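Since we're looking at a predicted model, the values are computed, not measured. Note on naming: letters A, B, ... go to the chains in the order of the sequence lines (proteins, then strands), and numbering restarts at 1 for each one.
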Amino acid sequence: MNENERQVRQITPKSEDFSKWYLELVQKAELADYTPMKGMMVIRPHGYAVWENIQRGLDARIKAAGHVNAYFPLFIPESFLKKEAEHVQGFSPEVAWVTIGGQEDLEERLAVRPTSEAIIGHMYAKWIKSYRDLPVLVNQWANIVRWEKVTRPFLRTTEFLWQEGHTCHETAEEGEAETLRILALYKEFCETELAVPVLSGRKSLREKFAGAQMTYAIEALMSDGKALQMGTSHDLGQHFSKAFDIKFEDRNQKLQYVWQTSWGMTTRTVGALIMVHGDDSGLRFPPNVAPTQAVIVPIPAGNWKETVLPAARAAEAALAAAGVRVRLDAREEFTPGWKFSEYEMRGVPLRIEIGPRDVKAGQAIVVRRDTRAKEAVPLPALPARVPGLLAEVQAELFSQARAFLEANIRDAADYAGFKETLENLRGFVRAPWCGDEACEDKIKTETMATIRVIPLDEAAAQPAGPCVRCGREGKAVAYFARAY
RNA sequence: CGGGACGUGGCGCAGCCUGGUAGCGCACAUGCUUGGGGUGCAUGGGGUCGGCGGUUCGAAUCCGCCCGUCCCGACCA
């Protein structure tokens, strides 16, 4: 195969150039495309279908946990954004502003929301009067704009889609419990639906959300060894309620500020799916969020339109009735071999081949995308067998990703080993930390690694020795990694 | 935002150094053929060379500015 053929027919191998592989895959699998505006991408139908499936699974969980959806404005008056000092300081470098409406200059410029705490805080102050109004458990699905300097499809774009939850509670304890409940929800969602295992814990103060009292996060490991934040949950304490004057009369008839949380997951998770599960042949979508779960490829030979095609149509109908997202590709302009490669690249979990030989034998050949294992399944048994196979693929992808994560969590014996591991092996390095931000900064400068999470579990967070950087007393165990 | 590279039909590239108005492979269209791992053959359509300006009789080619993309950093979901 010459260079030209290679470039047309397949993507750059993952092991050869991970970054190039990722970017090519995003385009060739038609997940997203660039636009004339810097850093702004189109999420194409195939990519958006994944996001819709993510939304469906996440939205169901958020609602099951008692939340309701609402929608707040795209614009936020500058004065609102400025009310919480740390918040505005953290976000101002990346806010886009509207200064003109129609022909007229605005008296006050409007921020295109980089996050919605400010506008939502303002409205909550209006709505909340009594402890009887609490808790407020609201979520919104929205688009966000952050004027990033460096962008990459799905992982960092100027505009992105997310859900942001904003809750208010009577007590600090309730607020903290909500923050942790969402953190656990995110972890369960990622692992169950995305088949992406995550580490969860709290962030260091350096890494926390601008305006939060404490930030918690889940972190996944991409197959190039870099970490990616999959979701965050913030305990806002009373920072915003004091800034926006969100007060309620408590059970003792005293005025108090509410305790708040906010939390979000974004379209970045689509990027994680690509980077965690993809291989040299392309995407490998977990069945639970795959736009198409099974594709039927008829083998056109002889009088296939009278034999194979009806069998394929019947299989399609039976699988659809069984709740499988199935597609029959009976196009004649592409050969079976071409379709095999195409659907592998696009990440379809199962391929179902039906040819003249199969029709005679009353069966179909089912091929798994994850293992490429082939299995002959009697045609009438497809609706029963395919869901089971999809579940197996889902489980296998998670199992592979978890094995990779576990194999790439290492303990550092000393600082030399710490640097060595981050430089050559990547992954997470678990090490005792003194808790000093100066130490954290030095580590970042020297190794490009940041603290991704500090485990919440008491035992897991117990440092085994002195700080890996300064040798002073270890106050916590932290997971360090280079991150996206 | 710093350091580096790149921008030529949809994709991947050649041409640029040594100016003379574009070429290859794939994709696309039509026909036949083939079909269980990107079938084979034939015919055909499509670009004015990222944008703007300059030098020149003449610019894809030389010069300047701008825009965009990628890589390595700083910042961030």
Side-chain angles (χ1 to χ4, degrees), chain A residues 1-12 17-20 22-24 27-28 30 33-41 90-95 114-115 144-164 186 203 206-210 215 217-220 227-234 262-272 281-282 297-302 304 308 330-345 351-359 364-365 367 372 374 376 441 444-445 448 450 482-484:
Chain A
M1 192 189 315
N2 67 34
E3 200 50 29
N4 267 332
E5 280 172 325
R6 197 183 109 172
Q7 277 157 357
V8 168
R9 290 183 172 172
Q10 63 183 43
I11 54 174
T12 299
D17 186 337
F18 188 83
S19 188
K20 199 171 171 191
Y22 175 81
L23 293 166
E24 282 180 11
Q27 298 237 56
K28 293 193 175 175
E30 298 181 344
D33 200 1
Y34 296 100
T35 67
M37 291 89 70
K38 176 178 161 61
M40 307 205 188
M41 68 167 184
F91 281 101
S92 63
E94 49 188 13
V95 172
T115 180
I144 289 295
V145 168
R146 295 183 189 174
W147 216 260
E148 300 286 355
K149 312 273 189 205
V150 177
T151 60
R152 193 190 294 242
F154 291 112
L155 301 181
R156 173 154 294 107
T157 47
T158 302
E159 179 183 9
F160 59 92
L161 306 181
W162 76 352
Q163 61 65 217
E164 49 180 326
Y186 281 163
K203 288 286 188 185
R206 184 188 192 286
E207 300 285 325
K208 79 172 174 60
F209 175 77
T215 287
I218 52 172
E219 293 273 336
L228 182 74
Q229 183 169 300
M230 298 289 285
T232 49
S233 184
H234 314 294
S262 70
W263 27 276
M265 270 185 93
T266 79
T267 34
R268 170 183 266 189
T269 49
V270 177
S281 303
V297 178
I299 309 299
W304 71 285
V308 170
R331 290 177 298 175
E332 292 180 64
E333 55 270 37
F334 296 105
T335 60
W338 187 91
K339 291 177 187 173
F340 295 170
S341 300
E342 181 69 9
Y343 290 110
E344 280 175 5
M345 196 259 290
R351 173 174 83 237
I352 300 172
E353 304 172 16
I354 303 179
R357 297 201 297 265
D358 299 310
V359 172
I365 304 296
V367 186
R372 295 178 198 272
K374 294 190 179 186
D441 281 336
K444 175 157 191 194
T445 307
M448 294 193 289
T450 50
R482 293 188 185 175
Y484 275 97

Discussion item. What's A:G264 touching, base or sugar-phosphate or nothing? Going by heavy atoms closer than 4.0 Å.
Written reply: nothing
Worksheet item: Which pair of non-hydrogen atoms, one from A:T269 and one from A:M265, has the smallest distance, and what is that distance?
Response: CG2-CE, 3.4 Å
Fill in: Rounded distance in Å - CZ (A:F91) to C1' (B:C75)
12 Å
Discussion item. Tell me whether A:F160 and B:A77 count as stacked here, given that the ring centres must be under 5.5 Å apart and the planes must differ by less than 30 degrees.
Written reply: yes
Discussion item. Please pick, from B:C1, B:G38, B:G35, the nucleotide with the shortest atom-to-atom distance to any side-chain atom of A:W338.
Written reply: B:G38
Practice prompt. Pick base, sugar-phosphate or nothing for A:M448, based on heavy-atom distances below 4.0 Å to the nucleic acid.
Written response: sugar-phosphate
Worksheet item: In whole angstrom, what separates A:K20's NZ from B:A5's P?
Response: 18 Å
Practice prompt. May I ask which nucleotide in the shown strands pairs with B:G7, Watson-Crick or G-U wobble, both distances under 3.5 Å?
Written response: B:C67
Discussion item. When you measure from the side-chain N and O atoms of A:Y34 to the phosphate of B:C70, is any distance below 4.0 Å, counting only OP1 and OP2?
Written reply: yes
Fill in: Selected nucleotide, minimal atom distance to A:E342 side chain, candidates B:A77, B:G38, B:G37
B:G38
Worksheet item: With both distances under 3.5 Å as the test, what is the Watson-Crick or G-U wobble partner of B:A60?
Response: none
Worksheet item: In terms of the angle between their ring planes, are A:F209 and A:H234 parallel, tilted or perpendicular, with boundaries placed at 30° and 60°?
Response: parallel
Worksheet item: Quick one: does A:W338's side chain get under 4.5 Å of A:R331's, heavy atoms only?
Response: yes
Practice prompt. Determine the interatomic distance between P on B:G58 and the same-named atom on B:G20; round to the nearest Å.
Written response: 14 Å
Practice prompt. Counting Watson-Crick and G-U wobble pairs only, both distances under 3.5 Å, name the nucleotide matched with B:G2, or none.
Written response: B:C72
Worksheet item: With under 30° as parallel and over 60° as perpendicular, where do the rings of A:F160 and A:W162 fit, or are they tilted in between?
Response: perpendicular
Response to the item:
With the side chain defined as heavy atoms from C-beta on, A:F334 is closest, among B:C28, B:G35, B:G38, to B:C28
Fill in: P-based separation of B:G54 from B:U30 [nearest Å]
45 Å
Worksheet item: If pairing requires Watson-Crick or G-U wobble contacts with both distances under 3.5 Å, which nucleotide is the partner of B:G31?
Response: B:C41
Worksheet item: Considering heavy-atom distances to RNA chain B, does A:R482 or A:T266 have its closest nucleotide positioned more toward the 5' end?
Response: A:R482
Worksheet item: Counting any heavy atom closer than 4.0 Å, what does A:G271 reach on the DNA or RNA strands: base, sugar-phosphate only, or nothing?
Response: nothing
Practice prompt. Please report, rounded to the nearest Å, how far the P atom of B:G36 is from the CH2 atom of A:W304.
Written response: 13 Å
Practice prompt. Remember a base hit wins even if backbone is also touched, and classify A:L228 as base, sugar-phosphate or nothing at under 4.0 Å, heavy atoms.
Written response: nothing
Practice prompt. Looking only at side-chain atoms of A:P336, point me to the closest of B:G37, B:C70, B:G35.
Written response: B:G35
Discussion item. Please confirm whether the shortest side-chain N or O distance from A:K38 to OP1 or OP2 of B:U69 is below 4.0 Å.
Written reply: yes
Worksheet item: Hey, does A:E353 reach any base, or is it just sugar-phosphate, or nothing, if we go heavy atoms under 4.0 Å?
Response: base
Item to complete: Please report, rounded to the nearest Å, how far the C1' atom of B:G35 is from the NZ atom of A:K339.
Response: 10 Å
Worksheet item: Which is true for A:V150 with a 4.0 Å heavy-atom rule: it touches a base, it touches only sugar-phosphate, or it touches nothing?
Response: base
Discussion item. Are the side chains of A:P300 and A:V308 in contact, using a 4.5 Å heavy-atom criterion?
Written reply: no
Discussion item. For a quick check of understanding: with a heavy-atom distance under 4.0 Å over all strands, which category does A:I144 fall into, base, sugar-phosphate or nothing?
Written reply: nothing
Worksheet item: Which nucleotide, B:G36, B:G38, B:C71, lies nearest any side-chain atom of A:P356?
Response: B:G36
Item to complete: Measure from CE on A:M40 to P on B:C67 and round the result to the nearest Å.
Response: 15 Å
Item to complete: Return the nucleotide paired to B:C13: Watson-Crick means purine N1 to pyrimidine N3 with N6-O4 or O6-N4, wobble means G-U with N1-O2 and O6-N3, both under 3.5 Å.
Response: B:G23
Worksheet entry | Nearest-angstrom distance from the residue atom CD of A:Q27 to C1' of B:C11 | 10 Å
Worksheet item: At under 4.0 Å between heavy atoms, what does A:K149 touch on the DNA or RNA strands: base, sugar-phosphate, or nothing?
Response: base
Discussion item. Using OP1 and OP2 only, check whether a side-chain N or O of A:K444 sits under 4.0 Å from B:C75.
Written reply: yes
Fill in: Salt bridge A:E342-A:R351, side-chain N to carboxylate O under 4.0 Å
no
Worksheet entry | Over 12 non-hydrogen atoms of neighbours within 6.0 angstrom of CH2 in A:W147 | no
Discussion item. For the C1' atoms, the ones on B:C75 and on B:C13, what distance do you get once it is rounded to whole angstrom?
Written reply: 36 Å
Worksheet item: So what does A:T157 hit on the nucleic acid, given a heavy-atom distance under 4.0 Å: a base, only sugar-phosphate, or nothing?
Response: base
Worksheet item: Across the strands shown, which category fits A:E344 at heavy-atom distances under 4.0 angstrom: base, sugar-phosphate, nothing?
Response: base
Worksheet entry | Side-chain heavy atoms of A:Q27 within contact of A:Y34, under 4.5 Å | yes
Item to complete: Check every atom of B:G36, B:C75, B:C71 against the side chain of A:R357 and return the nucleotide holding the closest atom.
Response: B:G36
Discussion item. Regarding A:E148, tell me which of base, sugar-phosphate or nothing describes its non-hydrogen contacts under 4.0 Å with the strands shown.
Written reply: base
Discussion item. Can you check the distance between B:G19 and B:C65, where both ends of the measurement are the P atom (answer in whole Å)?
Written reply: 22 Å
Fill in: P gap between B:G15 and B:G23, integer Å
16 Å
Worksheet item: Is there a Watson-Crick or G-U wobble partner for B:U18 with both distances under 3.5 Å, and if so, which one is it?
Response: none
Fill in: Proximal nucleotide (of B:G36, B:G37, B:C75) relative to the A:R372 side chain
B:G37
Worksheet item: Can you tell me how far C1' of B:C72 sits from CZ of A:R152, to the nearest Å?
Response: 11 Å
Practice prompt. Using distance alone, with no hydrogens and no angle criterion, decide if A:S19 and A:R152 have a side-chain donor and acceptor under 3.5 Å apart.
Written response: yes
Worksheet entry | Rounded distance (Å) that lies between atom C1' of B:G36 and atom OH of A:Y343 | 17 Å
